[in-house]
Amino acid sequence: MKYKLLLGVYCLSLLLTAPVWTQDKVDRSKLADKVKAEFLHAWNGYKQYCWGHDDLKPLTKTCRDWYGQSILMTPVDSLDSLYLLGFKKEADATREYITKNLSFDKDISVQNFEIVIRILGGLITSYQITGDKKLLALADDLGTRLLPVFDSPTGLPYKYVNLKTGRASGNISNPAETGTLLLEFGTLSKLTNKPVYYDKAKRALVETYKRRSPLGLVGTNINVDTGKWTTTESHVSAEIDSYYEYLLKCSILFGDTECRDMWEDSIAKVHSYLADEGTDMVNPSRTGNVKVGDLWYGRVDMNTGKRTATVTGALDAFFPGVLALDGDLNRARALQDSMFKMWQAHGIEPEVYDYRIGKVVNGGYPLRPEIVESTYILYQATKDPKYLAMGKQIFEDFVKHCRHDVAYAGLKNVETKEKTDYMHSFLLAETFKYFYLLFAPDKTLDIKKVVFTTEAHPIRRTWK
Ligand code: DMJ
(Lines give C-alpha, C1' and ligand atoms only; values in the text may rest on other atoms or scores of the structure.)
Protein backbone atom coordinates (compact mmCIF):
# COMPACT_ATOMS: atom_id res chain seq x y z
CA MET A 1 0.00 0.00 0.00
CA LYS A 2 2.77 2.37 1.07
CA TYR A 3 4.67 1.35 -2.05
CA LYS A 4 1.65 2.11 -4.30
CA LEU A 5 1.22 5.50 -2.67
CA LEU A 6 4.87 6.37 -3.20
CA LEU A 7 4.65 5.28 -6.83
CA GLY A 8 1.54 7.44 -7.28
CA VAL A 9 3.28 10.48 -5.82
CA TYR A 10 6.31 9.83 -8.00
CA CYS A 11 4.18 9.58 -11.17
CA LEU A 12 2.28 12.74 -10.29
CA SER A 13 5.50 14.65 -9.71
CA LEU A 14 6.78 13.46 -13.10
CA LEU A 15 3.57 14.68 -14.72
CA LEU A 16 3.73 18.08 -13.04
CA THR A 17 7.34 18.69 -13.99
CA ALA A 18 7.05 17.22 -17.49
CA PRO A 19 7.40 19.67 -20.34
CA VAL A 20 4.12 20.88 -21.76
CA TRP A 21 4.38 18.75 -24.92
CA THR A 22 4.42 15.41 -23.11
CA GLN A 23 1.29 16.07 -21.08
CA ASP A 24 -1.48 15.73 -23.60
CA LYS A 25 -1.91 14.61 -27.16
CA VAL A 26 -2.64 17.34 -29.62
CA ASP A 27 -5.86 16.95 -31.60
CA ARG A 28 -4.68 18.50 -34.85
CA SER A 29 -7.95 18.37 -36.69
CA LYS A 30 -9.84 20.03 -33.84
CA LEU A 31 -7.20 22.75 -33.65
CA ALA A 32 -7.21 23.30 -37.41
CA ASP A 33 -10.99 23.85 -37.23
CA LYS A 34 -10.55 26.25 -34.34
CA VAL A 35 -7.93 28.20 -36.30
CA LYS A 36 -10.34 28.45 -39.22
CA ALA A 37 -13.09 29.73 -36.95
CA GLU A 38 -10.79 32.36 -35.43
CA PHE A 39 -9.50 33.39 -38.84
CA LEU A 40 -13.11 33.97 -39.91
CA HIS A 41 -13.77 35.96 -36.75
CA ALA A 42 -10.91 38.32 -37.67
CA TRP A 43 -11.77 38.44 -41.37
CA ASN A 44 -15.45 39.12 -40.72
CA GLY A 45 -14.55 41.92 -38.30
CA TYR A 46 -12.47 43.54 -41.02
CA LYS A 47 -15.25 43.02 -43.56
CA GLN A 48 -18.00 44.36 -41.35
CA TYR A 49 -16.28 47.62 -40.49
CA CYS A 50 -13.59 48.27 -43.09
CA TRP A 51 -14.38 46.46 -46.31
CA GLY A 52 -12.55 48.25 -49.13
CA HIS A 53 -10.06 49.90 -46.76
CA ASP A 54 -6.51 48.87 -45.94
CA ASP A 55 -6.74 47.83 -42.29
CA LEU A 56 -9.14 47.54 -39.35
CA LYS A 57 -8.73 49.32 -36.01
CA PRO A 58 -10.73 46.85 -33.92
CA LEU A 59 -11.16 48.77 -30.65
CA THR A 60 -12.66 51.89 -32.20
CA LYS A 61 -14.12 49.93 -35.12
CA THR A 62 -12.60 52.44 -37.51
CA CYS A 63 -10.34 51.99 -40.52
CA ARG A 64 -6.89 52.99 -41.64
CA ASP A 65 -5.73 53.59 -45.18
CA TRP A 66 -1.95 53.75 -45.14
CA TYR A 67 -1.69 56.51 -47.72
CA GLY A 68 -5.02 58.28 -47.37
CA GLN A 69 -6.61 56.14 -50.07
CA SER A 70 -6.92 52.39 -50.04
CA ILE A 71 -4.70 49.92 -51.86
CA LEU A 72 -6.69 47.02 -50.38
CA MET A 73 -3.90 45.92 -48.07
CA THR A 74 -5.90 43.42 -46.01
CA PRO A 75 -7.82 41.79 -48.89
CA VAL A 76 -4.74 41.34 -51.08
CA ASP A 77 -2.49 40.17 -48.24
CA SER A 78 -5.18 37.73 -47.00
CA LEU A 79 -6.36 36.30 -50.31
CA ASP A 80 -4.09 33.24 -50.48
CA SER A 81 -4.91 32.45 -46.83
CA LEU A 82 -8.60 32.44 -47.75
CA TYR A 83 -7.84 29.85 -50.42
CA LEU A 84 -5.47 27.78 -48.28
CA LEU A 85 -7.83 27.64 -45.32
CA GLY A 86 -10.55 26.42 -47.67
CA PHE A 87 -12.82 29.48 -47.90
CA LYS A 88 -13.08 29.23 -51.67
CA LYS A 89 -16.35 31.11 -52.13
CA GLU A 90 -15.18 33.98 -49.95
CA ALA A 91 -11.81 33.97 -51.70
CA ASP A 92 -13.35 34.09 -55.17
CA ALA A 93 -15.59 37.00 -54.19
CA THR A 94 -12.61 38.84 -52.69
CA ARG A 95 -10.51 38.15 -55.77
CA GLU A 96 -13.23 39.57 -58.00
CA TYR A 97 -13.49 42.65 -55.81
CA ILE A 98 -9.72 43.15 -56.01
CA THR A 99 -9.45 42.75 -59.76
CA LYS A 100 -12.38 45.12 -60.28
CA ASN A 101 -11.36 47.82 -57.81
CA LEU A 102 -7.62 47.81 -57.26
CA SER A 103 -5.69 50.43 -59.18
CA PHE A 104 -2.12 51.56 -58.56
CA ASP A 105 -2.56 54.69 -60.64
CA LYS A 106 -2.43 56.82 -57.52
CA ASP A 107 -0.45 59.91 -56.59
CA ILE A 108 0.88 58.40 -53.37
CA SER A 109 4.39 57.81 -52.11
CA VAL A 110 4.51 54.25 -50.79
CA GLN A 111 7.05 52.29 -48.78
CA ASN A 112 8.58 49.95 -51.33
CA PHE A 113 9.38 47.08 -48.93
CA GLU A 114 5.92 46.92 -47.34
CA ILE A 115 4.17 47.11 -50.70
CA VAL A 116 6.40 44.43 -52.18
CA ILE A 117 5.99 41.92 -49.36
CA ARG A 118 2.27 42.48 -48.70
CA ILE A 119 0.80 43.46 -52.08
CA LEU A 120 3.19 42.24 -54.78
CA GLY A 121 3.77 38.95 -52.95
CA GLY A 122 0.05 38.55 -52.27
CA LEU A 123 -0.88 39.10 -55.91
CA ILE A 124 1.78 36.71 -57.19
CA THR A 125 0.82 33.81 -54.92
CA SER A 126 -2.89 34.27 -55.53
CA TYR A 127 -2.16 34.29 -59.25
CA GLN A 128 -0.29 31.01 -58.87
CA ILE A 129 -3.19 29.51 -56.91
CA THR A 130 -5.99 30.66 -59.22
CA GLY A 131 -4.40 31.30 -62.62
CA ASP A 132 -6.35 34.58 -62.75
CA LYS A 133 -4.33 36.63 -65.24
CA LYS A 134 -5.80 39.87 -63.92
CA LEU A 135 -3.84 39.32 -60.71
CA LEU A 136 -0.62 38.90 -62.67
CA ALA A 137 -1.41 42.05 -64.69
CA LEU A 138 -1.88 43.96 -61.43
CA ALA A 139 1.44 42.62 -60.13
CA ASP A 140 3.20 43.57 -63.35
CA ASP A 141 1.73 47.07 -63.26
CA LEU A 142 2.75 47.48 -59.63
CA GLY A 143 6.24 46.14 -60.31
CA THR A 144 6.72 48.67 -63.12
CA ARG A 145 5.60 51.53 -60.91
CA LEU A 146 8.00 50.46 -58.15
CA LEU A 147 11.07 50.15 -60.38
CA PRO A 148 12.26 53.79 -60.07
CA VAL A 149 13.03 53.00 -56.45
CA PHE A 150 16.25 51.32 -57.61
CA ASP A 151 17.57 54.40 -59.45
CA SER A 152 20.10 55.39 -56.81
CA PRO A 153 23.84 55.83 -57.38
CA THR A 154 24.46 52.51 -55.61
CA GLY A 155 21.54 50.44 -56.93
CA LEU A 156 20.29 50.15 -53.35
CA PRO A 157 16.59 51.08 -53.36
CA TYR A 158 15.21 54.24 -51.87
CA LYS A 159 12.60 53.69 -49.19
CA TYR A 160 9.62 55.31 -50.92
CA VAL A 161 8.34 55.76 -54.45
CA ASN A 162 5.39 57.67 -55.86
CA LEU A 163 3.20 55.22 -57.77
CA LYS A 164 2.08 57.84 -60.31
CA THR A 165 5.14 60.05 -60.81
CA GLY A 166 7.89 57.52 -60.07
CA ARG A 167 9.61 60.01 -57.77
CA ALA A 168 11.73 58.08 -55.28
CA SER A 169 12.64 59.38 -51.82
CA GLY A 170 14.07 58.41 -48.44
CA ASN A 171 17.76 57.64 -48.66
CA ILE A 172 18.26 56.10 -45.20
CA SER A 173 17.25 52.48 -45.45
CA ASN A 174 18.24 49.14 -43.93
CA PRO A 175 19.20 45.62 -45.07
CA ALA A 176 15.67 44.27 -44.58
CA GLU A 177 14.29 46.88 -46.97
CA THR A 178 17.14 46.72 -49.50
CA GLY A 179 17.46 42.95 -49.38
CA THR A 180 13.96 41.51 -49.04
CA LEU A 181 12.74 42.01 -52.59
CA LEU A 182 14.15 39.24 -54.72
CA LEU A 183 11.59 36.49 -54.10
CA GLU A 184 8.74 38.72 -55.24
CA PHE A 185 10.49 40.68 -58.01
CA GLY A 186 12.39 37.59 -59.16
CA THR A 187 9.21 35.55 -59.46
CA LEU A 188 7.56 38.42 -61.33
CA SER A 189 10.41 38.24 -63.84
CA LYS A 190 9.92 34.52 -64.29
CA LEU A 191 6.16 34.90 -64.75
CA THR A 192 6.31 37.86 -67.14
CA ASN A 193 9.58 37.12 -68.93
CA LYS A 194 10.86 40.57 -67.97
CA PRO A 195 14.35 40.12 -66.49
CA VAL A 196 14.48 43.71 -65.24
CA TYR A 197 12.68 42.88 -61.97
CA TYR A 198 15.06 40.07 -61.06
CA ASP A 199 18.12 42.04 -62.05
CA LYS A 200 17.29 45.17 -60.03
CA ALA A 201 16.28 43.29 -56.88
CA LYS A 202 19.28 40.96 -57.12
CA ARG A 203 21.63 43.89 -57.50
CA ALA A 204 20.11 45.52 -54.40
CA LEU A 205 20.75 42.34 -52.42
CA VAL A 206 24.32 42.00 -53.69
CA GLU A 207 25.07 45.69 -53.06
CA THR A 208 23.90 45.25 -49.47
CA TYR A 209 26.07 42.17 -49.02
CA LYS A 210 29.07 43.90 -50.62
CA ARG A 211 28.98 46.52 -47.89
CA ARG A 212 29.40 44.01 -45.05
CA SER A 213 32.15 44.86 -42.58
CA PRO A 214 35.55 43.14 -42.51
CA LEU A 215 33.96 40.82 -39.91
CA GLY A 216 31.31 39.91 -42.48
CA LEU A 217 28.39 41.61 -40.71
CA VAL A 218 25.85 44.18 -41.87
CA GLY A 219 24.65 47.20 -39.89
CA THR A 220 21.16 48.47 -39.16
CA ASN A 221 20.92 51.56 -41.38
CA ILE A 222 22.52 52.51 -44.66
CA ASN A 223 22.50 55.58 -46.88
CA VAL A 224 21.50 54.38 -50.34
CA ASP A 225 23.06 57.40 -52.07
CA THR A 226 26.51 56.97 -50.55
CA GLY A 227 26.40 53.30 -49.59
CA LYS A 228 27.73 54.21 -46.13
CA TRP A 229 26.33 52.71 -42.95
CA THR A 230 24.66 55.22 -40.63
CA THR A 231 24.00 52.76 -37.78
CA THR A 232 26.48 49.96 -37.25
CA GLU A 233 24.69 47.69 -34.80
CA SER A 234 24.39 44.17 -36.19
CA HIS A 235 21.69 41.60 -35.29
CA VAL A 236 18.95 39.45 -36.82
CA SER A 237 16.09 41.66 -35.66
CA ALA A 238 14.00 44.55 -37.03
CA GLU A 239 15.54 46.21 -40.09
CA ILE A 240 17.91 43.31 -40.81
CA ASP A 241 15.96 40.04 -40.21
CA SER A 242 14.58 39.13 -43.62
CA TYR A 243 17.80 40.13 -45.42
CA TYR A 244 19.24 36.84 -44.12
CA GLU A 245 16.01 35.00 -44.86
CA TYR A 246 16.16 36.03 -48.54
CA LEU A 247 19.85 35.18 -48.94
CA LEU A 248 18.90 31.58 -48.18
CA LYS A 249 15.54 31.53 -49.90
CA CYS A 250 16.71 33.05 -53.20
CA SER A 251 19.14 30.20 -53.52
CA ILE A 252 16.35 27.67 -52.88
CA LEU A 253 13.69 29.24 -55.10
CA PHE A 254 15.87 30.26 -58.04
CA GLY A 255 18.82 27.91 -57.65
CA ASP A 256 20.96 31.05 -57.62
CA THR A 257 24.44 29.94 -56.57
CA GLU A 258 25.57 33.48 -55.82
CA CYS A 259 22.75 33.68 -53.27
CA ARG A 260 23.94 30.39 -51.78
CA ASP A 261 27.51 31.68 -51.45
CA MET A 262 26.37 34.93 -49.85
CA TRP A 263 24.18 32.97 -47.42
CA GLU A 264 26.94 30.49 -46.46
CA ASP A 265 29.39 33.27 -45.83
CA SER A 266 26.93 35.45 -43.90
CA ILE A 267 25.43 32.78 -41.68
CA ALA A 268 28.87 31.65 -40.52
CA LYS A 269 29.58 35.22 -39.35
CA VAL A 270 26.21 35.50 -37.68
CA HIS A 271 26.97 32.38 -35.65
CA SER A 272 30.48 33.56 -34.81
CA TYR A 273 29.61 37.04 -33.64
CA LEU A 274 25.93 37.29 -32.75
CA ALA A 275 25.27 33.96 -31.05
CA ASP A 276 25.21 34.15 -27.28
CA GLU A 277 25.53 30.66 -25.97
CA GLY A 278 25.55 29.09 -22.55
CA THR A 279 28.99 28.53 -21.07
CA ASP A 280 28.30 24.86 -20.52
CA MET A 281 27.39 24.32 -24.12
CA VAL A 282 29.01 21.39 -25.88
CA ASN A 283 30.87 21.90 -29.13
CA PRO A 284 29.02 24.84 -30.66
CA SER A 285 29.97 23.97 -34.20
CA ARG A 286 27.52 23.82 -37.07
CA THR A 287 27.06 20.11 -36.70
CA GLY A 288 27.74 19.88 -32.99
CA ASN A 289 25.42 19.72 -30.02
CA VAL A 290 23.91 22.88 -28.66
CA LYS A 291 22.54 22.80 -25.15
CA VAL A 292 18.78 23.03 -25.50
CA GLY A 293 17.29 26.37 -24.58
CA ASP A 294 20.67 27.96 -24.15
CA LEU A 295 21.11 29.78 -27.41
CA TRP A 296 20.24 33.37 -28.25
CA TYR A 297 21.30 35.82 -30.95
CA GLY A 298 22.11 39.26 -29.57
CA ARG A 299 23.62 42.46 -30.92
CA VAL A 300 27.18 43.53 -31.67
CA ASP A 301 28.91 46.34 -33.50
CA MET A 302 29.46 45.25 -37.11
CA ASN A 303 33.04 46.55 -37.17
CA THR A 304 34.42 45.54 -33.80
CA GLY A 305 32.25 42.53 -32.94
CA LYS A 306 31.85 44.04 -29.47
CA ARG A 307 28.52 43.13 -27.85
CA THR A 308 26.18 46.11 -27.71
CA ALA A 309 23.04 44.49 -26.29
CA THR A 310 21.65 41.17 -25.08
CA VAL A 311 18.21 41.68 -26.56
CA THR A 312 16.00 39.63 -28.82
CA GLY A 313 12.26 39.85 -29.55
CA ALA A 314 9.20 38.70 -31.46
CA LEU A 315 10.71 39.48 -34.86
CA ASP A 316 13.84 37.44 -34.12
CA ALA A 317 11.66 34.36 -33.75
CA PHE A 318 11.79 33.85 -37.54
CA PHE A 319 15.37 32.67 -37.19
CA PRO A 320 14.83 29.08 -35.95
CA GLY A 321 12.67 28.52 -39.03
CA VAL A 322 15.38 29.79 -41.35
CA LEU A 323 18.00 27.64 -39.62
CA ALA A 324 15.72 24.60 -39.90
CA LEU A 325 15.16 25.31 -43.59
CA ASP A 326 18.93 25.26 -43.99
CA GLY A 327 19.11 21.90 -42.22
CA ASP A 328 20.79 23.27 -39.09
CA LEU A 329 18.38 21.46 -36.78
CA ASN A 330 20.53 21.56 -33.65
CA ARG A 331 20.64 25.31 -33.57
CA ALA A 332 17.07 25.64 -34.83
CA ARG A 333 15.74 23.48 -31.99
CA ALA A 334 17.81 25.21 -29.34
CA LEU A 335 16.84 28.68 -30.48
CA GLN A 336 13.18 27.74 -30.78
CA ASP A 337 13.24 26.60 -27.15
CA SER A 338 14.69 29.97 -26.19
CA MET A 339 12.00 31.80 -28.12
CA PHE A 340 9.30 29.70 -26.49
CA LYS A 341 10.76 30.58 -23.10
CA MET A 342 10.46 34.24 -24.04
CA TRP A 343 6.83 33.60 -25.04
CA GLN A 344 6.08 31.76 -21.81
CA ALA A 345 7.54 34.48 -19.60
CA HIS A 346 4.30 36.45 -20.05
CA GLY A 347 2.13 34.09 -22.08
CA ILE A 348 2.74 36.26 -25.19
CA GLU A 349 6.07 37.41 -26.59
CA PRO A 350 7.23 41.01 -26.35
CA GLU A 351 8.69 43.14 -29.12
CA VAL A 352 12.05 43.47 -27.29
CA TYR A 353 13.31 41.22 -24.50
CA ASP A 354 16.61 41.18 -22.62
CA TYR A 355 17.43 37.48 -22.50
CA ARG A 356 20.25 37.84 -19.99
CA ILE A 357 18.07 39.28 -17.24
CA GLY A 358 14.74 37.98 -18.52
CA LYS A 359 13.17 41.42 -18.73
CA VAL A 360 10.76 43.00 -21.19
CA VAL A 361 12.30 46.06 -22.84
CA ASN A 362 9.45 46.88 -25.23
CA GLY A 363 6.20 45.12 -24.34
CA GLY A 364 4.24 45.61 -27.55
CA TYR A 365 2.84 42.63 -29.49
CA PRO A 366 1.32 43.58 -32.84
CA LEU A 367 0.05 40.02 -33.60
CA ARG A 368 3.34 38.89 -35.08
CA PRO A 369 3.65 35.48 -36.78
CA GLU A 370 7.35 34.63 -36.53
CA ILE A 371 7.27 32.21 -33.61
CA VAL A 372 4.36 30.34 -35.22
CA GLU A 373 6.21 30.22 -38.54
CA SER A 374 9.26 28.65 -36.90
CA THR A 375 7.11 26.19 -34.97
CA TYR A 376 5.49 25.07 -38.24
CA ILE A 377 8.78 24.77 -40.12
CA LEU A 378 10.41 22.87 -37.26
CA TYR A 379 7.46 20.51 -37.02
CA GLN A 380 7.66 19.82 -40.75
CA ALA A 381 11.41 19.32 -40.54
CA THR A 382 11.40 17.01 -37.50
CA LYS A 383 7.82 15.68 -37.14
CA ASP A 384 8.51 16.00 -33.41
CA PRO A 385 5.10 16.26 -31.64
CA LYS A 386 6.69 18.66 -29.20
CA TYR A 387 6.18 21.39 -31.80
CA LEU A 388 2.49 20.62 -32.13
CA ALA A 389 2.11 21.00 -28.38
CA MET A 390 4.18 24.16 -28.44
CA GLY A 391 1.98 25.52 -31.24
CA LYS A 392 -1.16 24.60 -29.31
CA GLN A 393 0.05 26.49 -26.27
CA ILE A 394 0.97 29.53 -28.37
CA PHE A 395 -2.40 29.44 -30.15
CA GLU A 396 -4.39 29.20 -26.93
CA ASP A 397 -2.46 32.08 -25.33
CA PHE A 398 -2.84 34.09 -28.51
CA VAL A 399 -6.62 33.64 -28.64
CA LYS A 400 -6.97 34.30 -24.92
CA HIS A 401 -5.15 37.61 -24.98
CA CYS A 402 -5.62 39.03 -28.48
CA ARG A 403 -9.19 38.07 -29.41
CA HIS A 404 -11.54 41.01 -29.33
CA ASP A 405 -15.32 41.17 -29.70
CA VAL A 406 -14.57 42.51 -33.15
CA ALA A 407 -11.70 40.64 -34.83
CA TYR A 408 -8.27 40.61 -33.16
CA ALA A 409 -6.18 43.35 -31.58
CA GLY A 410 -2.47 43.59 -30.89
CA LEU A 411 -1.24 44.24 -27.37
CA LYS A 412 0.19 47.49 -26.08
CA ASN A 413 1.89 45.62 -23.30
CA VAL A 414 2.37 41.88 -22.91
CA GLU A 415 2.73 42.24 -19.15
CA THR A 416 -0.61 44.01 -18.58
CA LYS A 417 -2.26 42.50 -21.72
CA GLU A 418 -3.75 45.91 -22.53
CA LYS A 419 -4.89 45.88 -26.15
CA THR A 420 -3.92 48.30 -28.90
CA ASP A 421 -6.22 49.57 -31.62
CA TYR A 422 -4.72 47.84 -34.65
CA MET A 423 -4.98 44.66 -36.65
CA HIS A 424 -2.16 44.33 -39.17
CA SER A 425 -2.87 42.52 -42.42
CA PHE A 426 -0.11 40.06 -41.55
CA LEU A 427 -2.40 38.55 -38.92
CA LEU A 428 -4.47 37.06 -41.74
CA ALA A 429 -1.64 36.68 -44.23
CA GLU A 430 0.82 35.03 -41.86
CA THR A 431 -0.11 34.35 -38.25
CA PHE A 432 -3.31 32.42 -38.91
CA LYS A 433 -1.86 30.79 -42.02
CA TYR A 434 1.05 29.31 -40.08
CA PHE A 435 -1.23 28.22 -37.23
CA TYR A 436 -3.46 26.49 -39.74
CA LEU A 437 -0.66 24.81 -41.65
CA LEU A 438 0.84 23.55 -38.41
CA PHE A 439 -2.35 21.72 -37.46
CA ALA A 440 -3.89 20.95 -40.87
CA PRO A 441 -3.22 17.65 -42.68
CA ASP A 442 0.28 17.71 -44.18
CA LYS A 443 -1.15 17.33 -47.67
CA THR A 444 -2.76 20.80 -47.41
CA LEU A 445 0.49 22.26 -48.70
CA ASP A 446 3.67 20.37 -49.57
CA ILE A 447 6.30 22.50 -47.85
CA LYS A 448 9.00 21.03 -50.11
CA LYS A 449 7.27 22.40 -53.21
CA VAL A 450 7.04 26.04 -52.10
CA VAL A 451 9.18 28.82 -50.71
CA PHE A 452 7.41 31.17 -48.33
CA THR A 453 8.06 34.87 -48.80
CA THR A 454 8.71 36.85 -45.66
CA GLU A 455 4.98 37.69 -45.61
CA ALA A 456 4.09 33.96 -45.79
CA HIS A 457 3.01 33.96 -49.41
CA PRO A 458 4.03 30.53 -50.70
CA ILE A 459 5.67 30.65 -54.13
CA ARG A 460 5.89 27.66 -56.42
CA ARG A 461 8.70 27.32 -58.89
CA THR A 462 6.72 26.95 -62.11
CA TRP A 463 9.59 27.83 -64.43
CA LYS A 464 12.62 25.90 -65.66
C1 DMJ B 1 5.68 41.05 -41.68
O2 DMJ B 1 5.26 42.11 -42.44
C3 DMJ B 1 6.83 40.32 -42.30
O4 DMJ B 1 6.92 39.04 -41.77
C5 DMJ B 1 8.14 41.06 -42.13
O6 DMJ B 1 9.23 40.32 -42.64
C7 DMJ B 1 8.39 41.34 -40.69
N8 DMJ B 1 7.27 41.98 -40.06
C9 DMJ B 1 5.94 41.49 -40.28
C10 DMJ B 1 5.46 40.46 -39.28
O11 DMJ B 1 5.93 40.57 -38.04
Side-chain angles (χ1 to χ4, degrees), residues 42 54-55 64 66 71 73-81 110-125 157 159 173-185 201 204-205 208 218 220 235-250 297 312-322 325 339 342-343 348-353 362-377 394 398 402 408-411 414 420 422-435 437 450-459:
D54 281 342
D55 290 332
R64 176 184 172 226
W66 286 37
I71 41 175
M73 195 74 77
T74 292
V76 175
D77 213 6
S78 310
L79 185 56
D80 60 352
S81 294
V110 302
Q111 192 177 351
N112 181 54
F113 164 77
E114 294 291 353
I115 299 306
V116 167
I117 66 169
R118 299 188 197 218
I119 307 266
L120 191 58
L123 290 170
I124 287 172
T125 293
K159 239 177 130 95
S173 194
N174 54 69
E177 299 203 32
T178 60
T180 313
L181 306 167
L182 186 49
L183 258 52
E184 294 83 351
F185 273 114
L205 184 63
T208 309
V218 294
T220 307
H235 47 82
V236 294
S237 195
E239 298 190 290
I240 299 183
D241 46 10
S242 45
Y243 160 72
Y244 289 115
E245 181 183 349
Y246 273 32
L247 283 179
L248 174 65
K249 289 183 174 176
C250 69
Y297 285 77
T312 183
L315 281 165
D316 305 49
F318 82 103
F319 206 48
V322 166
L325 195 61
M339 292 296 156
M342 171 175 76
W343 178 279
I348 290 273
E349 62 190 354
E351 197 71 344
V352 184
Y353 181 73
N362 171 348
Y365 174 66
L367 305 170
R368 292 205 187 280
E370 285 78 3
I371 194 168
V372 192
E373 169 185 356
S374 287
T375 310
Y376 161 63
I377 296 171
I394 294 171
F398 173 80
C402 302
Y408 269 71
L411 301 184
V414 297
T420 187
Y422 207 67
M423 186 177 93
H424 268 284
S425 62
F426 57 67
L427 168 75
L428 296 157
E430 296 192 70
T431 314
F432 277 123
K433 186 185 286 153
Y434 285 127
F435 273 132
L437 290 174
V450 296
V451 175
F452 285 94
T453 69
T454 196
E455 189 75 3
H457 299 302
I459 294 187

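Start at 1 and go down the list; that is how both ligands and their atoms are numbered.
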For this session: Supply the atom-to-atom distance E370 CD to M339 CE, rounded to the nearest 0.5 angstrom.
Result: 10.5 Å
Exercise. Cut-off 3.5 Å, side chains only: do T454 and E245 have a donor facing an acceptor?
Worked result: yes
For this session: Looking only at protein heavy atoms, identify the closest one to atom 6 (O) of ligand 1 and say how far it is in Å.
Result: T454 OG1, 2.7 Å
Problem set entry | Atom pair CD1/NE2 of I117 and H457 - distance to nearest 0.5 Å | 8.0 Å
Exercise. Ligand 1 versus E430, non-hydrogen atoms closer than 4.0 Å: side chain, backbone, both, neither?
Worked result: side chain
Exercise. Which of the atoms of ligand 1 are close to L315, meaning less than 4.0 Å from one of its heavy atoms?
Worked result: 7 (C), 8 (N), 11 (O)
Exercise. What's the spacing between L182 CG and Y246 OH if we round to 0.5 Å?
Worked result: 9.0 Å
Exercise. Is there a donor-acceptor pair closer than 3.5 Å between any side-chain N or O of D77 and the backbone N or O of T74?
Worked result: no
Problem set entry | T180, portion touching ligand 1 at heavy-atom distance under 4.0 Å | neither
For this session: Kindly compute the distance separating CG (L120) from OG1 (T453), expressed to the nearest 0.5 Å.
Result: 10.0 Å
For this session: Identify, by atom number and element, the atoms of ligand 1 in contact range of E455, meaning under 4.0 Å from any of its heavy atoms.
Result: 1 (C), 2 (O), 3 (C)
Problem set entry | Nearest-neighbour protein heavy atom for atom 10 (C) of ligand 1, which is reported as residue plus atom name and distance | E370 OE2, 3.2 Å
Exercise. For D241 and ligand 1, does the shortest N/O to N/O distance drop below 3.5 Å?
Worked result: no
Exercise. Any N or O of R368 that comes nearer than 3.5 Å to an N or O of ligand 1?
Worked result: yes
